[in-house]
Each structure stands twice: as structure tokens, then as C-alpha cells.
Visitor: 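The structure follows.
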Amino acid sequence: LCHTYRFRGHHVGDINRPYRSTDEEQSWINERDPIGTLARWLSQEGIADGADLERIEQRIRMEIDAGLRVALNAPYPDPREVTTDVYA
Amino acid sequence: MSTLSPQATAGIPRSARELTFGQAIKEALAEEMRRDPHIFIIGEDVAEAGTVFKVLAGLVDEFGRERVIDSPISEAGITGLGVGAAMTGMRPVVDLMFGDFIALAMDQIVNQAAKVHYMSGGKLHVPMVIRTTLGATRRSAAQHSQSLYAWVAHVPGLKVVLPSTPADAKGLLKAAIRDENPVLFFEDKMMYQLKGNVPEGDYTIPLGVAEIKRPGSDITFVATSSMVHVALAAATQLDASGISAEVVDPRTLVPLDAEALVASVRRTGRAIVVDEGCERYGITAEIASIIADGAFDYLDAPVKRLGALNVPVPFSPTLEDETVPTPERLAAMARSLCGRT
């Protein structure tokens, strides 16, 4: 059985979340984030050190930022494209 | 979205106040749950969260977690639980957040709920309501925007309700809850904030009774759910062209008030059926066929249909807005049908 957890709201508008406590959310984020868990394990096993992990973090952040910039600067699609890709 | 036309609440002589569509739904549920302890709600995020649309906010405070039950994410599971509960004497209201998710519960809906009464020789009943949503233009993309009621309207044994106003929503939901059959109740998620006068206290609107939302003499728009408001807006635009459009809302697809639809077109001689489901093989075809059959000798033009474009609902606003019928497109089609361009 794989227990997992949604760190944030159901959607962007789900800001106040009375159905669970902030402590519960924080404990999952701080202690059970699988990316953080993997990073700690890699360090403990001597596979990667702090500098390696920082490099990976920076590279991924740059990739995401670049993608975000492309998306925000892109024009909206031409309405005539609406039927594009319905079928192969 | 416009507020209610006066015609929409005609025939309900009670003190009314303005409620949103969502508030009317909640009021119907609360009143029914006070009346009958067998009624309970089950669904994802229905209790403390009050659903993602906040429609049920506060119900858990009054009725408790035994009757407003947060379920795991399993549409098939909760629908199946509802079928079993209904067969054994309860009256479940199952909440399927997005109408798209009925796909996950289709075996329970189609092969179980719809068949149990017939296959048990009338011994078992499934008095269950499945509340779910329809509708695009919320920028929710292809898996959260579909209008799929044609799927269930096709299956004998199921009833299908499409309310268009707050007052209709309350009266129809109460009738659906009291019905002895499985009823699928589709709410347009873009209408939850729509305001209208809603009578106080108890009343029901029988399933299978259409309503003329706006009388007219030159053309009939048969419109469902939020398309009623598109049709009313188109009718207003057409006044300027000297075309008098009647807007008829069937309110329920099964049972369908075919008599009222045909009677309207016999008076006007022209009809456009407008609906937010995909046009191809959609409910517009069924209704157009019934009108063509019943009003054939009175028709001055072919019966036309206006449904959604036959594409998955796109995420991009510029594309999504191309897919849904608009007042402008409906009015243009009506002018053409009436010989005005």
C-alpha cells in the first residue's frame, strides 16, 4: 500500500483548508516529501553530497522558470486551431 | 449570466426571496434531510469542504458526518454503495463532483441502478439521486467540462434532470429525491452563482413537465440548462430584428414533455434545439426528431440543432469559447431560418 499526500489545496482556489490542520500539512511537507526523503537518503549513502543536490535543484528550477516564461509570453492560440489534433 | 425572467417562476404563488442556484440546491437538500431521516449525502469533499463548488457548505454542521459522508476517491465505490443503500431502504444522494467522472461509475449506474427494478420484477427499488455537474467555459479543460447527460438519457430505467434556474433547481431536486427511481441531476457549474427568486418552504416540480420561459410566435428555441439563458439572450437580440422567439425548457430529459415541445412548434412553425452537449449524436437529435414527427404539418423550415462543437473541450479560452453555443450564433441561425439575414 502506498500512502501519499496532497501538499496543497485541491485547486488554486482552495486556500483555506478547514478540513485538515496546518501541523498535519507541515509534517508531510517537512518530513515525508519523497523528493526530500530521496535527497537525504542519497546523502546518507554517500551517492550525492550537498553541492550535487544544490546543482540539481538549480538546474530544475531554471528549467521550470524557462518553461514558465515561454508559456506566459506565448500568444493565445488562433481560434481556427480548435479542431486540431482531435484525431491522429 | 442574467437573473430569472418573470416567466421562470410563474405558477408558484409563494413568498420568494433571491437565492443563488447553489443556495437553492442546498436549501432543497436541507429541507429534504429534515423531512426524511433516510436521506444521506455521500461524495468526495462533501462534508467540511462543502464540495469544491462550496454548494454544500454547512450541511455537515446540521446533519453530522453520519449523513454527510466524505468518501474516498472512488466514484464506482460510492455509487455502488448508493445503489445498495437505496435497495435496502435508504435514500442516498451521491455527489459526483464533475459530470466527467460518471465515466468511472458507469457500470453501477447503467448495469446496476438502471436495471434492478426491472430485473427484480419490480420488487427492488433504487430511489437514489446522483448529483453531478455539466458545462464548459470554466477553463477547466477537457476532463472537467463535458456535458454527458446524453449517455444516461439513453439508458432505460434512469431519469435525467437539467435545471436551468434556482427555483427549478429546488423544486426538481426535491422531486428527484422523492422519486422511486435512480435520477441523475446535472447542475451547470457555471450557474452556481446565478441568482433568482426561489419560493420559501416546501414545493416540488414534477419530473416531465416543460416550461415556457419566454413566449414568442415566430420560432421556438428548445433549450436545456444554461442554454436556456443563451436562448433568452438570443431572443432579446431577435426582438430588434422583428422576430419573436419562444424559449421552452424541457427541464427533464427523461421523462421528456414531448407534448409541450411539439405544441410550441405547432404554434411557431420553426424550431432550433440548443444544448451544451456535443452536437453529434446528442440530445438535440432526439428532440429534433420528436418535433419533426409531431409538428411536421406545421413546419415552415427544417428543425435545426445547435450543440457544442465535436471536439474535446479545449483549455485555452480562445479555443474553448469557440465550442459552446452563444446568443450571437443562435440568433444568426434563427434569422437565417426566418429568412432574414
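Here is how names work: the chains are called A, B, and so on, in the same order as the sequence lines, proteins then strands, and each is numbered from 1.
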Visitor: Using the test side chain to side chain contact (heavy atoms under 4.5 Å, CB included), find all partners of B:A169 that sit at least two apart in sequence or belong to another chain.
Guide: B:F21, B:I25, B:P163
Visitor: Which heavy atom of A:P79 sits nearest to which heavy atom of B:L319, and what is that distance?
Guide: CA-CD2, 3.7 Å
Visitor: Quick one: donor-acceptor pairs between chain A and chain B, under 3.5 Å, side chains and backbone, table format.
Guide:
residue : atom : partner : partner atom : Å
A:P77   : O    : B:T318  : OG1          : 3.0
A:Y87   : OH   : B:R280  : NH2          : 3.3

Visitor: Other residues, nucleotides and ligands only: do more than 12 of their heavy atoms fall within 6.0 Å of CZ on B:F53?
Guide: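 Buried by this count: over 12 neighbours within 6.0 Å.
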Visitor: Are there residues of residues 48-66 of chain A that reach to under 4.5 Å of chain B by heavy atoms, and which ones?
Guide: none
Visitor: Would you please name every residue forming a side chain to side chain contact (heavy atoms under 4.5 Å, CB included) with B:A153, sequence neighbours left out?
Guide: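 With neighbours one apart ignored, the set is B:V160, B:L253, B:V254.
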Visitor: If you tally heavy-atom pairs under 4.5 Å against chain B, which of A:P77, A:G9, A:P18, A:G13 wins?
Guide: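 Most heavy-atom pairs under 4.5 Å with chain B: A:P77.
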Visitor: Using a cut-off of 6.0 Å, state whether more than 12 heavy atoms not belonging to A:I29 lie near its atom CD1.
Guide: yes
Visitor: Please determine whether the number of non-hydrogen atoms from other residues, nucleotides or ligands lying under 6.0 Å from atom CD1 of A:I35 exceeds 12.
Guide: no
